[in-house]
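First comes the structure, then the notes that go with it.
Residue numbers begin at 1 in each chain, while the letters A, B, ... track the order of the sequences.
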Number of protein chains: 2
Amino acid sequence: MATMQDVANLANVSLATVSFTINNSKPVSPKTRAKVEQAMKELNYRRNAVGSALARGRTHVLALLYPALQHRLSPTSVRFFTSAADQARLRGYNLVLWPMSNEAEAVTELTSSGLVDGVVLMEVQLDDPRVTELSRSNIPFALIGRTRDTTGIPFVDVNFESAVETAVDRLIQLGHTNLVLVDGGGGDQLLGGYGPVARTRKAFGEVTAQRGLSAAIMSGLHSSAGGRDLAKEFAAQHPDTTGVLIMNEHAGPGFVAGLQQAGYRLPRDISVLAIASSVDTASMAEPEMAVLISPADELGRLGVDALIDQIDKKDDPLPQLLIECTYSPGATMGKAPRKKP
Amino acid sequence: MATMQDVANLANVSLATVSFTINNSKPVSPKTRAKVEQAMKELNYRRNAVGSALARGRTHVLALLYPALQHRLSPTSVRFFTSAADQARLRGYNLVLWPMSNEAEAVTELTSSGLVDGVVLMEVQLDDPRVTELSRSNIPFALIGRTRDTTGIPFVDVNFESAVETAVDRLIQLGHTNLVLVDGGGGDQLLGGYGPVARTRKAFGEVTAQRGLSAAIMSGLHSSAGGRDLAKEFAAQHPDTTGVLIMNEHAGPGFVAGLQQAGYRLPRDISVLAIASSVDTASMAEPEMAVLISPADELGRLGVDALIDQIDKKDDPLPQLLIECTYSPGATMGKAPRKKP
DNA sequence: CTGAAAGCGCTTACAG
DNA sequence: CTGAAAGCGCTTACAG
């Protein structure tokens, strides 16, 4: 690989001038510029990013932290990632998916390595040691999700509270008065207090109480098999329920299939509405589910904007944004039946 | 952030000695080591990876190139990524998912930046300009997948040829003689000659001809909706077919649902076998599909091994490995019916 | 076993 | 507009 010095030699200018030319950091005469560009072309020169990073103190790489333990990425997470990467590129950065353990120590290692200019954190827990660690570090960061206490912490998140309210009210309008929330909040996720689950449960409890509805909550695994099991359990435990909110992307299609195996016809006997999910997932189910679509693209884009604004020291007000889900109809929503299935 | 020089000052040793201590690159007396370690602790010192990378010429970061255009990652791709990342960590490297356009130019940019020590390439086309570009560069690389001509190119791939043979023979054993292969090879993928599709089609043609079967090929979109459409089309065009191989992970569940909407009962009227897919996807379908499981974990692991072996200059023979799929039963395989549906 | 010094490939005041 | 030189934070022959 040719170095900047090689280019300077060939062009008969100084190393500094090559740098000025490449970075447009100082005026360079057209003649000199031409010489330098010619030399770069001849040598097929590419600036070494590591040398540049050391001198500048910036690598122009952003890391999207991804919990390696979680062996499944939902379509919605993939959309976060894709839109975040696009936005980063648009603003002159590379965004990479950086898998790592959930421990704060791993975060420290990355942030203090100097390898990345900033961090976007996904899958945030209510009390997340990684966020504490990020706050302690001097590296800019932004959350997709949010902790319990968000003081001074830049984040973008789904407005789960309003999504739940919307979902419940849509079911009420169809005459449903006995609802169940199905989520994926068991096991690991509950321990750490996974934000989306905790917030959705709380909102569900409050909204249903306020509206005077019967309500219950169930949890299951993040897989189709988990969804089928949930359906079986649901049929046994909640024979009077006619409306279900499901926030468990991987289990959704299995749940719908399981309901039908248990004898329910959709939407005649029961209505199902997926929350914070995607059309992709909803259309995997048979029949296609109605869904409140997670604003994944927007979250990824805004998360990266929040991060880069900090890096570039735009002293904008601290970004703390909640984005709404949007409703997409499906064949799983219908009027409440007169009698139970 | 404290630098190595700060540590040296505090410990009253030279910068070099701190480096020797950290890297175990030269013997250091226990006394000196203790002083250095004490100083590091006090300053909460972390080695700056950029400085280290510049001096060593190694960043210890590997990139898994991921085509940014493709807005969906199949469960199988996620498994590649996860297992590759685990294996990299085990061997002292960080593996990150690096989204980029499909153009060779983007590859050049990355490889010549010095930011990564090696590259694993996914979603390989039969004639892939990115591979040409990687070969031209001096950076070590490995493919998950393979090009048409694999001379001198390290790769690991699914043995699609034998998977097709296995699949066809399983259907033959059940009495099926009229088969259709459903894939996702339309549009973009065909233009570039996407390896898995091309190889599977070729093998399907050869095996069915050799066994004297009726055979046809259909292609559809990579989505559940695409799968439903395919099923409709299939019902109309292939009324005599009783066995389907499907290699289109995103469309699988929708295809199975669509068949049933079209009046087929599975597996009485028709058998469906997913190829190079995952149990995850298979169990999204109702009923659960039988599947030849892609050896994604093994491919990710072996791909990274192949890459790191090159970086570490282990002059092993060029790794070129084909890994077999494994069969997992499902409720979509049954004896061929006497009459047509 | 330890240290002084050169060098990795850049950027950027500073001087002209 | 251009250049000589210091410096970013490390590693590693080389010398002792």
Side-chain angles (χ1 to χ4, degrees), chain A residues 1-37 39-40 43-61 92 109-117 138-139, chain B residues 1-37 39-40 43-61 92 109-117 138-139:
Chain A
M1 287 275 87
T3 71
M4 198 172 261
Q5 186 62 64
D6 297 334
V7 174
N9 293 153
L10 186 58
N12 263 311
V13 298
S14 79
L15 215 182
T17 299
V18 177
S19 179
F20 301 151
T21 308
I22 290 179
N23 301 311
N24 282 313
S25 43
K26 294 223 177 155
V28 172
S29 76
K31 232 177 103 180
T32 308
R33 176 176 297 277
K35 278 197 299 181
V36 171
E37 281 169 352
M40 290 201 293
L43 294 170
N44 192 22
Y45 172 75
R46 309 266 163 178
R47 154 135 113 324
N48 179 298
V50 177
S52 172
L54 185 58
R56 276 196 221 259
R58 290 225 174 306
T59 62
H60 277 235
V61 175
E109 210 149 285
L110 177 61
T111 58
S112 55
S113 72
L115 242 24
V116 301
D117 290 349
N138 296 313
I139 204 172
Chain B
M1 288 274 86
T3 70
M4 199 173 261
Q5 186 62 62
D6 297 333
V7 174
N9 294 151
L10 185 59
N12 262 312
V13 297
S14 78
L15 216 184
T17 300
V18 177
S19 178
F20 300 153
T21 307
I22 290 178
N23 300 310
N24 284 312
S25 43
K26 293 224 179 155
V28 173
S29 76
K31 233 176 102 180
T32 308
R33 175 176 297 275
K35 280 197 300 182
V36 171
E37 281 170 351
M40 290 200 295
L43 295 171
N44 193 22
Y45 172 75
R46 309 265 165 178
R47 157 134 111 324
N48 179 297
V50 177
S52 172
L54 185 58
R56 279 195 219 261
R58 291 225 171 305
T59 62
H60 277 234
V61 174
E109 210 149 285
L110 176 62
T111 57
S112 54
S113 73
L115 243 25
V116 300
D117 291 348
N138 296 312
I139 205 171

message: Measuring from atom CE of A:Met1 to atom CZ of A:Arg47, what distance do you get when rounded to the nearest 0.5 angstrom?
response: 14.5 Å

Exercise answer: donor-acceptor pairs, residues 15-22 of chain B side-chain atoms, under 3.5 Å, sequence neighbours excluded:
unit_1: B:Thr17; atom_1: OG1; unit_2: B:Ser14; atom_2: OG; d: 3.2
unit_1: B:Ser19; atom_1: OG; unit_2: B:Asn23; atom_2: ND2; d: 3.2
unit_1: B:Thr21; atom_1: OG1; unit_2: B:Thr17; atom_2: O; d: 2.7

statement: For A:Arg46, the side-chain hydrogen bond (donor to acceptor under 3.5 Å, both in side chains) test, sequence neighbours excluded, returns B:Glu105

message: Is any side-chain heavy atom of B:Val28 closer than 4.5 Å to one of B:Val36?
response: no

From A:Asp6 atom CG to A:Thr3 atom OG1, the distance as rounded to the nearest 0.5 Å: 3.5 Å

- request: Just jot down the side chain to side chain contact (heavy atoms under 4.5 Å, CB included) partners of A:Thr111, sequence neighbours excluded, or say none.
  value: A:Val107, A:Val119, A:Leu134, A:Ser137, A:Ile139

task: Using the test side-chain hydrogen bond (donor to acceptor under 3.5 Å, both in side chains), find all partners of A:Asn44 that sit at least two apart in sequence or belong to another chain.
output: none

task: Identify, residue by residue, the members of residues 8-23 of chain B with a heavy atom below 4.0 Å from DNA chain C, and return them in order of residue number, or none.
output: B:Val13, B:Ser14, B:Ala16, B:Thr17, B:Phe20

statement: Value for NE2 (A:His60) from CG (B:Leu115), rounded to nearest 0.5 Å, stands at 11.5 Å

- prompt: Where each residue is assigned the nucleotide of DNA chain C containing its nearest heavy atom, which of B:Ser29 and A:Lys26 is assigned the position nearer the 5′ end?
  reply: B:Ser29

Nucleotide range of DNA chain C lying under 4.0 Å from chain B heavy atoms: C:dC1 to C:dG9

query: Restricting to pairs with a member in residues 23-35 of chain B, which pass salt bridge (Lys or Arg N to Asp or Glu O under 4.0 Å), not counting sequence neighbours?
result: B:Arg33-B:Glu37

- prompt: What dot-bracket string describes DNA chain C from 5' to 3', counting Watson-Crick and G-U wobble pairs whose defining distances are under 3.5 Å, with [ ] for crossing pairs and | for pairs to another strand?
  reply: |||.||||||||.|||

query: Do you know which two heavy atoms are closest between B:Ala39 and B:Val7, and how far apart they sit?
result: CB-O, 3.8 Å

task: Name every residue in residues 109-117 of chain B that has at least one heavy atom under 4.0 Å from any atom of DNA chain C, in order of residue number, or write none if there are no such residues.
output: none

- prompt: Which residues pass the side chain to side chain contact (heavy atoms under 4.5 Å, CB included) test with A:Asn48, sequence neighbours left out?
  reply: A:Val50

query: In chain order, what residues pass the side-chain hydrogen bond (donor to acceptor under 3.5 Å, both in side chains) check against B:Ser112, with sequence neighbours excluded?
result: none

message: Near DNA chain C, counting only heavy atoms under 4.0 Å, which residues of residues 45-60 of chain B show up?
response: B:Leu54, B:Ala55

